[in-house]
Amino acid sequence: MQPNPDNLPRHVGIIMDGNGRWAKQRGLDRWQGHTEGAKTFRRIGEHAADLGIRHMTFYAFSTENWNRSPREVAAIMDLFREYLTEARERKKENEEKQIRLRFIGRRDRLPADIIKLIEKVEKGTQECERFFINIALNYGGRDEIVSAVQKIALKVRNGEINPEDISENLFSDYMYTAGQPDPDLIIRPSGEFRTSNFLLWQSAYSEYVFTDILWPDFTNDDFDRCMEQYAGRNRRFGK
Ligand code: FPP
């Protein structure tokens with residue numbers, strides 16, 4: 001059943017989890033799970049755009065994921081390289097579909113060639129306005145908040161901001177997602193019930209859907225079922 005277009009979330013966050021277990025279940029190496037996970041990422045992104053969702057944030061690599069084996073980290077970096085290269089090659093198509101790509105997270109520690117590719121892809125899509133894809137890469141929610149505080153503190157010190165003018169709205173403008181609505185819905189597959197430092201500030205009133213399905217197995221129908229669950233929620237925003 002097609003999700004009700006009148007009650008779709010404007011912004012959906014997804015914690016792409018379970019790639020390692022998916023691979024293990026099949027006697028494969030962990031990186032092969034990430035390769036499948038990257039395919040799911042592409043497919044779900046396209047599906048969400050077809051449904052009319054405007055903003056998606058995918059959690060791809062956390063500030064803690066550097067602790068994985070060098071081989072696994074290298075394999076994940078290769079997947080980003082591949083995707084970014086593809087995004088550059090598809091510049092025209094992305095423009096036609098009006099897809100804006102943003103990479104949220106710290107740029108330091110990322111390989112120099114990936115940083116360059118990110119800058120090119122972000123610049124090349126910055127005018128696009130229909131579908132926003134954020135990829136959280138070397139991202140941590142607490143880290144994002146601390147970095148916003150540092151930027152605001154600098155402006156206070158320089159006399160550009162009065163401490164009493166610091167509001168929730170102003171603070172949101174210093175988040176990586178500035179200008180975008182907060183996520184209405186966050187999906188976490190793979191049977192874990194944690195938020196894992198994902199969009200801490202932005203998720204204050206997000207609805208959550210947790211499912212047992214491992215990310216590489218996550219189908220478009222599974223996504224539609226998440227939309228149905230969302231549509232059935234009674235959002236009160238604390239009122
Ligand atoms: C968590 O699963 C997943 C990751 C740390 C990496 C996710 C990366 C991708 C899906 C590739 C993204 C690619 C692009 C192009 C955006 P896990 O390894 O923790 O799984 P486990 O809990 O089963 O071990």
Side-chain angles (χ1 to χ4, degrees), residues 12-49 55-90 93-94 99-107 109-111 113-122 124-125 131-141 143 176 186-199 210-220 222-223:
V12 179
I14 302 189
I15 302 174
M16 301 189 286
D17 197 12
N19 299 342
R21 275 163 287 166
W22 183 92
K24 196 166 170 222
Q25 281 175 0
R26 286 160 181 78
L28 302 171
D29 229 331
R30 291 181 59 83
W31 66 264
Q32 289 169 291
H34 298 313
T35 304
E36 280 310 301
K39 289 185 197 161
T40 309
F41 153 77
R42 285 176 173 82
R43 178 170 45 71
I44 292 296
E46 277 177 27
H47 181 59
H55 303 263
M56 296 287 297
T57 301
F58 292 91
Y59 203 1
F61 195 85
S62 73
T63 44
E64 288 71 42
N65 285 150
W66 296 105
N67 297 322
R68 304 270 172 116
S69 76
R71 188 179 145 89
E72 185 174 344
V73 170
I76 298 175
M77 292 299 147
D78 276 345
L79 290 171
F80 295 139
R81 249 179 220 109
E82 200 181 317
Y83 178 70
L84 283 157
T85 309
E86 189 184 292
R88 285 208 68 202
E89 285 162 3
R90 288 199 188 163
E93 196 181 319
N94 283 345
I99 300 173
R100 181 173 323 179
L101 281 165
R102 256 189 199 171
F103 287 78
I104 66 170
R106 294 186 85 92
R107 294 284 151 98
R109 273 191 97 170
L110 293 176
D113 66 312
I114 292 195
I115 299 177
K116 268 204 187 119
L117 278 168
I118 288 178
E119 286 167 354
K120 284 185 180 144
V121 166
E122 286 189 336
T125 63
F131 185 52
F132 295 73
I133 300 180
N134 303 323
I135 298 173
L137 171 52
N138 196 16
Y139 173 87
D143 183 70
Y176 295 123
I186 294 180
I187 302 171
R188 178 157 198 162
S190 96
E192 309 286 357
F193 297 95
R194 290 187 287 276
T195 59
S196 296
N197 208 10
F198 183 51
L199 302 178
F210 295 96
T211 140
D212 284 342
I213 303 153
L214 303 176
W215 177 244
D217 288 330
F218 195 86
T219 64
N220 295 356
D222 292 324
F223 188 82

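Indexing begins at 1, ligand by ligand and atom by atom, following the structure's order.
- If you look at E192 next to ligand 1, there are no close heavy atoms at all, none under 4.0 Å.
- Using a 4.5 Å cut-off on side-chain heavy atoms (C-beta onward), I187 and D222 make no contact.
- Closest to atom 7 (C) of ligand 1, if we only count protein heavy atoms, is A60 O, 3.3 Å.
- In terms of heavy-atom proximity, A136 sits nearest to Y59 at CB-CD1, 3.7 Å.
- One finds a salt bridge joining R81 and D78 here, because a Lys/Arg side-chain nitrogen approaches an Asp/Glu carboxylate oxygen to under 4.0 Å.
- Among the atoms of R30, some N or O lies under 3.5 angstrom from an N or O of ligand 1.
- Closest to atom 4 (C) of ligand 1 among all protein heavy atoms lies H34 CE1, 3.7 Å.
- For ligand 1, the polar-atom distance check finds no N/O of N65 at less than 3.5 Å from any of the ligand's N/O atoms.
- L101 pairs with exactly one of Y83, F132, F131 by the side chain to side chain contact (heavy atoms under 4.5 Å, CB included) rule, that one being Y83.
- Under a 4.0 Å criterion applied to the non-hydrogen atoms of G20, ligand 1 contributes the atoms 17 (P), 18 (O), 20 (O), 21 (P), 23 (O), 24 (O).
- Among protein heavy atoms, the minimum distance from atom 19 (O) of ligand 1 is reached at R68 NH2, 2.9 Å.
- Residue contacts with ligand 1: F58 is excluded, as none of its non-hydrogen atoms falls under 4.0 Å.
- Looking at W22, its side chain never comes within 3.5 Å of a backbone N or O of G33 through a donor-acceptor pair.
- Heavy-atom minimum distance, G18 versus L214: O-CB, 3.8 Å.
- The shortest non-hydrogen separation linking F41 to M16 is CB-SD, 3.8 Å.
- Proximity to R21 (heavy-atom distance under 4.0 Å) selects the following atoms of ligand 1: 21 (P), 22 (O), 23 (O), 24 (O).
- For M56 against A48, the heavy-atom pair with the smallest separation is SD-CB, 3.6 Å.
- When only non-hydrogen protein atoms are considered, atom 3 (C) of ligand 1 lies nearest to M16 O, 3.2 Å.
- For R26, the CZ atom counts as densely surrounded, since its 6.0 Å shell holds more than 12 non-hydrogen atoms of other residues, nucleotides or ligands.
- Considering both main-chain and side-chain atoms, N19 comes within under 3.5 Å of ligand 1 through a nitrogen or oxygen pair.
- The one candidate from R30, H34, E36, Q32 that meets the side chain to side chain contact (heavy atoms under 4.5 Å, CB included) condition with N19 is H34.
- Against a heavy-atom cut-off of under 4.0 Å, A38 is close to the following atoms of ligand 1: 10 (C), 13 (C).
- Checked against a 3.5 angstrom limit, the closest N/O atoms of I135 and ligand 1 fall outside it.
- Ligand 1 has no atom lying under 4.0 Å from any heavy atom of F61.
- Heavy-atom distances between E82 and ligand 1 stay at or above 4.0 Å for every pair.
- Under a 4.0 Å criterion applied to the non-hydrogen atoms of Y83, ligand 1 contributes the atoms 15 (C).
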